[in-house]
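Report on the following structure.
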Protein chains: 2
Amino acid sequence: MTKNAEQILEIVTNSKEHLSAEQIFMRMKETTKGVALATVYNNLSYLYKEGLIRKISVEGYPDRYDNIRRHDHLVCRCCGKLSDIQLEDLTELLQKQVGGAMLSYDLKINYICEDCKRKRDSESEGIMHYED
Amino acid sequence: MTKNAEQILEIVTNSKEHLSAEQIFMRMKETTKGVALATVYNNLSYLYKEGLIRKISVEGYPDRYDNIRRHDHLVCRCCGKLSDIQLEDLTELLQKQVGGAMLSYDLKINYICEDCKRKRDSESEGIMHYED
DNA sequence: GAAATAAATTAGAATTATTCCAATTCTTAT
DNA sequence: ATAAGAATTGGAATAATTCTAATTTATTTC
């Protein structure tokens with residue numbers, strides 16, 4: 001594990017947000033001079049393959065990276081908003097079914113967030129036809 | 001729901017594979033003349049937001065689309081290979097925890113496929129140092 | 001059923017994300 | 001210190017996706 005990889009792992013692990021490669025790159029630049037975006041991508045890909053970080057893809061956003069502490073995600077199907085949610089650990093339950101090949105699992109719960117719900121409602125009002 | 005949207009939904013729903021926007025576009029062209037890739041993207045995004053299809057993002061591939069019949073996915077962390085797997089339905093279990101806002105869930109099981117395991121092994125052999 | 005309005009689609013440009021590659025720098029072991 | 005290997009850089013190339021303005025198609029309304 002190189003110094004850069006280590007720093008990237010640290011940034012991802014300590015961030016409360018879900019950072020994109022670009023964002024991680026910007027944070028790195030704050031402390032280290034002369035890092036290349038390609039290096040960030042290289043190392044993210046390495047860290048991901050090693051199972052040290054996870055990757056989350058959501059409609060309308062670039063891929064983002066997250067720590068591997070056990071937690072799940074709530075994703076708004078409409079605007080892509082992503083939040084953490086702590087659900088029951090299903091590792092055992094799933095391992096029983098999948099077998100030893102399983103390394104980990106990622107669970108996303110789809111929903112429609114309040115903002116989008118509101119927006120939908122007001123839109124459908126908008127196209128209402130008031131006959132009189 | 002427009003005719004194009006309907007056709008795209010049908011292609012995604014009936015396909016055994018996990019198709020990308022580009023692939024769906026190519027299938028559409030077989031039957032319909034003068035469809036634009038942008039239309040495919042528009043409609044995929046619409047269908048996704050309506051919850052009529054799901055979207056799967058995997059390392060190293062463009063986003064792909066899938067039907068919403070209850071099933072889960074097995075993803076090789078190394079090469080991105082994606083396969084279907086039918087695990088126990090967790091809807092009730094999760095709904096109890098998440099509440100009524102939940103629309104559906106997506107579960108990905110991470111593992112390392114046989115090919116990648118083999119490749120890893122032979123690589124680590126390669127860098128072995130035989131002292132004598 | 002023609003005109004007016006709205007919605008969907010097109011083609012292609014623009015943008016963004018990501019990968020690739022050749023040249024350079026840094027490490028490590030000798 | 002030097003050679004060999006690995007990691008990184010910077011920028012170009014590619015690929016995916018979005019955007020936009022113009023056009024077509026569908027839907028209302030009279």
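Here is the naming used below: chain letters follow the sequence lines, and residue numbers restart at 1 for every chain.
Atoms CE (A:M1) and P (C:dT27) sit 16 Å apart, rounded to a whole Å. Nucleotide D:dT18 holds its P atom 14 Å from the CD atom of B:E22, rounded to whole Å. The CG atom of B:L44 sits 16 Å away from the P atom of C:dA8 (whole-angstrom rounding). For the pair A:L37 CG and C:dC21 P, the computed distance is 17 Å after rounding to whole Å. To the nearest angstrom, C1' of C:dT18 lies 17 Å from CZ of A:R64. In this structure, B:Y65 places its OH atom 10 Å from C1' of D:dA16, rounding to the nearest Å. Following rounding to the nearest Å, A:N43 (CG) and C:dT18 (C1') show an atom-to-atom distance of 15 Å. Protein atom CD of A:E6 is 11 Å distant from nucleotide atom P of D:dT8, rounded to whole Å.
The main-chain N or O of B:G100 is never found under 3.5 Å from a side-chain atom of B:Q95 such that the two would form a donor-acceptor pair.
Other residues sharing a hydrophobic cluster with B:L74 under the 4.5 Å side-chain heavy-atom criterion for ILVMFWY residues are A:L74, A:I85, A:L87, A:L90, A:L93, A:L94, A:V98, A:M102, A:Y105, A:L107, A:I109, A:Y111, B:I85, B:L87, B:L90, B:L93, B:L94, B:V98, B:M102, B:Y105, B:L107, B:I109, B:Y111. Other cluster members for B:L44: B:M1, B:I8, B:L9, B:I11, B:V12, B:L19, B:I24, B:F25, B:M28, B:V35, B:L37, B:V40, B:Y41, B:Y46, B:L47, B:Y48, B:L52, B:I53, B:Y65, joined by side-chain heavy-atom distances under 4.5 Å among Ile, Leu, Val, Met, Phe, Trp and Tyr.
When distances are taken from the side chain of B:T39 to each of D:dT9, D:dT17, C:dT10, the shortest belongs to C:dT10. Between D:dT17, D:dT9, C:dT18, one nucleotide has an atom nearer to the side chain of B:A21 than all others, and that is D:dT17. Residue A:P62 places its side chain closer to C:dT18 than to any other of D:dT17, D:dT9, C:dT18.
Listed by residue number, the members of residues 25-35 of chain A with any heavy atom below 4.0 angstrom from DNA chain D are A:G34, A:V35.
Between A:T2 and the phosphate of D:dT8, there is a side-chain N or O to OP1/OP2 separation shorter than 4.0 Å. Distances shown here put a side-chain N or O of B:N4 below 4.0 Å from the OP1 or OP2 atom of C:dT9. At least one side-chain nitrogen or oxygen of A:Y41 sits closer than 4.0 Å to the OP1 or OP2 atom of C:dT18.
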> Do B:D106 and B:H73 pass the side chain to side chain donor-acceptor pair (under 3.5 Å) test, and can you show the C-alpha distance, the side-chain angles, and the key distance before you say yes or no?
Replying inline: CA-CA 8 Å; B:D106 287 305; B:H73 292 115; 5.8 Å; no
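With a 4.5 Å cut-off on side-chain heavy atoms, B:R69 and B:T13 count as touching.
Position along DNA chain D of the nearest nucleotide to B:N42 versus B:K3 favours B:N42 as the more 5'-ward residue.
Side-chain contact check for A:T91 and A:D89: at least one donor-acceptor pair (N or O, by modelled atom type) lies under 3.5 Å. Side-chain contact check for B:N4 and B:T39: no donor-acceptor pair (N or O, by modelled atom type) lies under 3.5 Å.
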